[in-house]
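FYI, side chains are in, hydrogens and waters are out, and symmetry mates aren't considered; it's all heavy atoms of this structure. Just so it is clear: chains get the letters A, B, ... in the order the sequence lines come, proteins before strands, and each one is counted from 1. Bear in mind that the values here come from a model prediction, so they are computed numbers and not experimental data.
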Protein chains: 2
Amino acid sequence: MPEKRTYGQACPIAHSLDLVGERWALLVVRELRLGPRRYGDLQAALPGIGPSVLSQRLRDLEAVGILRKRGKEYGLTEWGAELDPVFRALAHWGVRSPVVPLEGAVGTDSMFLGLRTFFGSRDPQWTGSYEFRLDRDVYRVEVREGELVSLWRGRSGEPAAVVVETDDATMGELFGGALTLAGAVESERAAVAGDVSDAQRLLDASPLSAVR
Amino acid sequence: MPEKRTYGQACPIAHSLDLVGERWALLVVRELRLGPRRYGDLQAALPGIGPSVLSQRLRDLEAVGILRKRGKEYGLTEWGAELDPVFRALAHWGVRSPVVPLEGAVGTDSMFLGLRTFFGSRDPQWTGSYEFRLDRDVYRVEVREGELVSLWRGRSGEPAAVVVETDDATMGELFGGALTLAGAVESERAAVAGDVSDAQRLLDASPLSAVR
DNA sequence: CCGCATCCCCAAAGATACTG
DNA sequence: CAGTATCTTTGGGGATGCGG
């Protein structure tokens, strides 16, 4: 039995990289940040990973306690979820990259993860709950006293104050600022139950354009 | 010419990993966090890396603008230095790892990087400058109004208020809390010019034991 | 010496096929 | 759908060598 390949350093950074530094590992974890997913979901979200590598990563990450398999779903453990600051730091650094700009289609997960990462508001007056029903997934967002306190895939217990129903493409335009929610409702590309301008506020709270 | 291997995703996290996600890449950057180093220094600090991989990483990291070669020294660019929050996040996560505890000798760089990462003090009264002369390297630390404002390898312009001269091993014990600076001076394992208790305060400001 | 390039070998990743 | 099995390709680890 060959022993696992490691950097063999006492440094906590090297240790972290021993755990999540393998190719694809952090991207697998990223896919679970908004909630549990199944094997097929991960494979679809990570084009190019190949089934054997995905299996390997899932096994490794579970072995060290970053994720746990429950039935057919893989979900982050509490400790795995604590990688959040790492993702935040990487994302904040990455968007400032002078290297060839990012291109390609963004999935809906990425949009909401971007909201979580770049959410900016300290308005203590602002409290609200939002639900976005898209083509495939539902996202639930909770803002309390100006802080984004929770953001998950899938509907939550109690109903949200504002419910937005639209398709993935329109959602992208809404997050990108190319379209306002009022405009989308006007052209019947979105339906809203609740306060439209309140939901618009949430869309504006992720200053993606301001960062680049 | 085969085009570079990339995750090919628009996500800023994936993009970051395209830049620093290759094996050894982040550890090379880590070695430069306290100041420029030469090829041989890096090779010595990264046992097992192998010369070709090190060359490759240095070339790649320079190509994307994370580091720059000046004469024989490799140093971080401003953007490269902005990876600091990533290292902080990784270190904070890594020390909480439930996996087999870190073992092995820690270099002096790691000790001072630990100080930078886990420095905890908000005492606005505290301002001071410190120089540590060890076996091979000199480290310069600056605290202003309770904040660690600078920490570099090599001596700085003006002389520090407190100068500690000792060997690497003793320094490790000092940071680990196994030995007090007063005790080290007593047993002639360290020599101090300036306020001993002031320097001790700095050593105590990195609550390594409190973290685990 | 130091800073690499070269070579060889193995382990990990990519691609595809296949099975419960 | 959820993976395993197999094959090929690529990249990393380690030793050696060579030029400045």
When the aromatic ring centroids of A:Phe175 and A:Phe112 are compared, is their separation below 6.0 Å?
yes

note: A:Leu54, atom CG; D:dA5, atom C1'; distance rounded to Å ~ 16 Å

Taken to the nearest whole Å, NZ/B:Lys72 to C1'/C:dC4 is 12 Å

Does this structure show an ion pair linking A:Asp167 with A:Arg189, if we count only N-O contacts that are shorter than 4.0 Å? no

From the candidates C:dA15, D:dT4, C:dC2, the one with an atom nearest any side-chain atom of B:Arg38 is C:dC2

Taken to the nearest whole Å, CG/B:Leu46 to C1'/D:dG12 is 14 Å

Against the side chain of B:Arg59, the closest entry in C:dC4, C:dA5, C:dA13 is C:dA5

Picking from D:dA2, C:dG14, C:dG3, the nucleotide nearest the side-chain atoms of A:Tyr39 would be D:dA2

Those stems involving DNA chain D that have three or more consecutive Watson-Crick or G-U pairs, both distances under 3.5 Å, are C:1-19 with D:2-20

note: A:Gln56, atom CD; D:dG3, atom C1'; distance rounded to Å ~ 13 Å

Between CZ of B:Arg5 and C1' of C:dG14 the distance, given in whole Å, is 9 Å

When A:Ile49 and B:Tyr74 are each assigned the nearest nucleotide of DNA chain C, the 5'-most assignment goes to B:Tyr74

The residue, A:Tyr7 or A:Gln43, whose nearest nucleotide of DNA chain D is more 5′ is A:Gln43

- Query: Using the ring of each side chain (for Trp, its six-membered ring), is A:Tyr7 parallel, tilted or perpendicular to B:Trp24, with breaks at 30° and 60°?
  - Reply: perpendicular

Considering only heavy side-chain atoms of B:Ser55, the closest of D:dG13, D:dT4, C:dA5 is C:dA5

Rounded to whole Å, the CZ-P distance (B:Arg23 to D:dG14) equals 10 Å

Side-chain contact check for B:Ser52: nearest option of D:dT6, D:dG14, C:dG3 is D:dG14

task: Name the nucleic acid region contacted by A:Gly50, choosing base, sugar-phosphate or nothing; use a 4.0 angstrom heavy-atom cut-off, strictly under.
output: nothing

Separation of D:dG13 atom P from B:Trp24 atom CH2, nearest Å, is 6 Å

To the nearest angstrom, the CD-C1' distance between B:Glu22 and D:dG13 comes to 16 Å

Value for CE (B:Met111) from CG (B:Leu203), rounded to nearest 0.5 Å, stands at 11.0 Å

Those residues at least two apart in sequence (or on a different chain) that pass side chain to side chain contact (heavy atoms under 4.5 Å, CB included) with A:Val192 are A:Val162, A:Val164, A:Leu181, A:Val185, A:Val196

Taking D:dG12, D:dG3, C:dG14 as options, the one with an atom nearest any side-chain atom of A:Val53 is C:dG14

B:Lys72/B:Asp41 salt bridge by N-O under 4.0 Å criterion:
no

- Donor-acceptor side-chain pairing of A:Asp168 and A:Thr108 below 3.5 angstrom: no

